[in-house]
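First up is the structure itself, then whatever we jot down about it.
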There are 2 protein chains.
Amino acid sequence: MPHTSDHPSTSARRRRTPDERREEIVEAATAVVAEVGYANATLTEITRRAGVSKGLLWHYFSDRDEVMQHAVGHLAGRLRAALVSDVDVSAPVPDVVRAVFARTALFTRTHRQELRALDEIVHNLRTSEGRRRVTLLDYEDVYADHVALLGRGQRDGTIRAGDLRTFAVGYQALIDGMIAHLQAHPDADPLTYADGVAELFLHGAASR
Amino acid sequence: MPHTSDHPSTSARRRRTPDERREEIVEAATAVVAEVGYANATLTEITRRAGVSKGLLWHYFSDRDEVMQHAVGHLAGRLRAALVSDVDVSAPVPDVVRAVFARTALFTRTHRQELRALDEIVHNLRTSEGRRRVTLLDYEDVYADHVALLGRGQRDGTIRAGDLRTFAVGYQALIDGMIAHLQAHPDADPLTYADGVAELFLHGAASR
DNA sequence: GAAGATGTTGACCGCATGGTCAATAGTGGG
DNA sequence: CCCACTATTGACCATGCGGTCAACATCTTC
């Protein structure tokens, strides 16, 4: 057993694998960005937060942009996975819609920091020419999911006729708006709010 | 007539008043922010764009933050004024809603740059402690307008019963989502899209 | 037209930040 | 136990930025 030390206590823990280190740094970046904003999120502060010397960051990432890009990937992956794993997409469409709103609303209470950081980074990550690196165009696959879901609803009669893309974009807009609103109002009850918005959308998109 | 020169040509134009200068600088800031993003919008570049020496900026503004705050005020004021002046709020509620969506959609085609800059600055302006200076809480007066409008609709029977605040927040979310979507898709037809979203909302919130 | 006030300039500074690097500690294989 | 290799450190550097300032230009007023 070549383990150096097994107690996972204070400072003398076992050496991390490269992936663990990368993740530690990326998570520190997330935390710092969420707290002070993208522009003020210093690499020095990020390494400090990760409990790591400054130079090490460049052993794992080539520049600030790369750190942030990894952070986006990490965050988006975690959020999406948690959502998908928790909603039964084969249920009746209105139920799925309600569940998505509800789950997303709860997310704002359990993943406040991550959502803040994600928003922050997405809004600020740029290419070297100054254009946004992540745009709404990257929503396309999300829209595709929505279109598929709502299309099924149209076929089984739970969603009224109408342009699916408009529905999908409206659906996503309500989700994003709900997230922003709940983030800004930490005291609001997420579930009652989610219900309200879900009903608004379903009344708008449902047959009858 | 102590005018130095009357021809409004190339470089030797008449001296600007303080307000004009401030506005020139603020507008240059808007343009630069829209192009390269908040973080990369250098004060040097802003003054260059305004056709003014670097030091002059500090004659009119005390620091970068103040420039950006003025820019927010300037932008929000112009956008709001143009919207309000163009929509007859005493018309039947559904007509008002449709008009707002339509006018806003057209805005994304006539004020692309300004909307970009506004979004950019709002997302990045911070207090010295790192918290956002402009948050969704500043939407409160906008929500108040929406609540008033939709409340009138409930009283005259064009809007169905339901929590007005939820309606208002959903309404604004659809507007913001539409703006973002049209900004990301410059080729989409704004009016047909606006109609679609308006109908989605009205189906959701209307009586019947 | 002198004098004071105001507008304008560009050179300059301090500093924080992203990024580099030579040196050291730790790890694993033979 | 040694050697090669990787992880890790912290001092260091270059740069670009926000911000200052003394000098100069221009207007206003009497």
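Residue numbers begin at 1 in each chain, while the letters A, B, ... track the order of the sequences.
In this structure, Leu43(B) places its CG atom 17 Å from P of dG10(C), rounding to the nearest Å. We find that CE of Met68(B) is positioned 8 Å from P of dG18(D), with the value rounded to whole Å. For the pair Trp58(B) CH2 and dC12(C) P, the interatomic distance rounds to 17 Å; values are reported in whole Å. Here dA5(C) presents its P atom at 14 Å from NE2 of His59(B), a figure rounded to the nearest Å. What separates CG of Asp65(A) from P of dT17(C) is a distance of 17 Å, to the nearest Å. Nucleotide dG18(C) holds its P atom 11 Å from the CD atom of Glu45(A), rounded to whole Å. Straight-line distance from the CZ atom of Arg21(B) to the C1' atom of dT9(C): 12 Å, rounded to whole Å. In this structure, CZ of Arg64(B) is placed 17 Å from P of dG16(D), rounded to the nearest angstrom.
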Check: residues 87-96 of chain A side-chain donor-acceptor pairs under 3.5 Å, at least two apart:
residue  : atom : partner  : partner atom : Å
Asp88(A) : OD1  : Ser90(A) : N            : 3.1
Asp88(A) : OD1  : Ser90(A) : OG           : 2.7

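Applying the ring-ring contact (aromatic ring centres under 6.0 Å, His included) test to residues at least two apart or on different chains, the pairs with a partner in residues 110-135 of chain B are His123(A)-His123(B), Phe107(B)-His111(B). Among residue pairs with one or both ends in residues 45-58 of chain B, those qualifying as side-chain hydrogen bond (donor to acceptor under 3.5 Å, both in side chains) are Glu35(B)-Arg49(B), Glu45(B)-Arg48(B); sequence neighbours excluded.
Nucleic acid contact class of Tyr60(A) (heavy atoms, under 4.0 Å, all strands): sugar-phosphate only.
Applying the side-chain contact (heavy atoms from CB on, under 4.5 Å) test to Val72(A) and every residue at least two apart in sequence or in another chain returns Leu118(A), Ile121(A), Leu125(A). With sequence neighbours excluded, the residues forming a side chain to side chain donor-acceptor pair (under 3.5 Å) with His146(B) are Gln172(B), listed by chain and number.
Within a heavy-atom distance below 4.0 Å of DNA chain C, the residues of residues 47-57 of chain B found are Val52(B), Ser53(B), Gly55(B), Leu56(B).
Taking the ring axis of Phe61(A) as reference, the NZ or CZ atom of Arg21(A) does not stay both within 45° of it and closer than 6.0 Å to the ring centre.
Listed pair Thr42(B) / dC17(D) meets the phosphate criterion, a side-chain N or O lying under 4.0 Å from OP1 or OP2.
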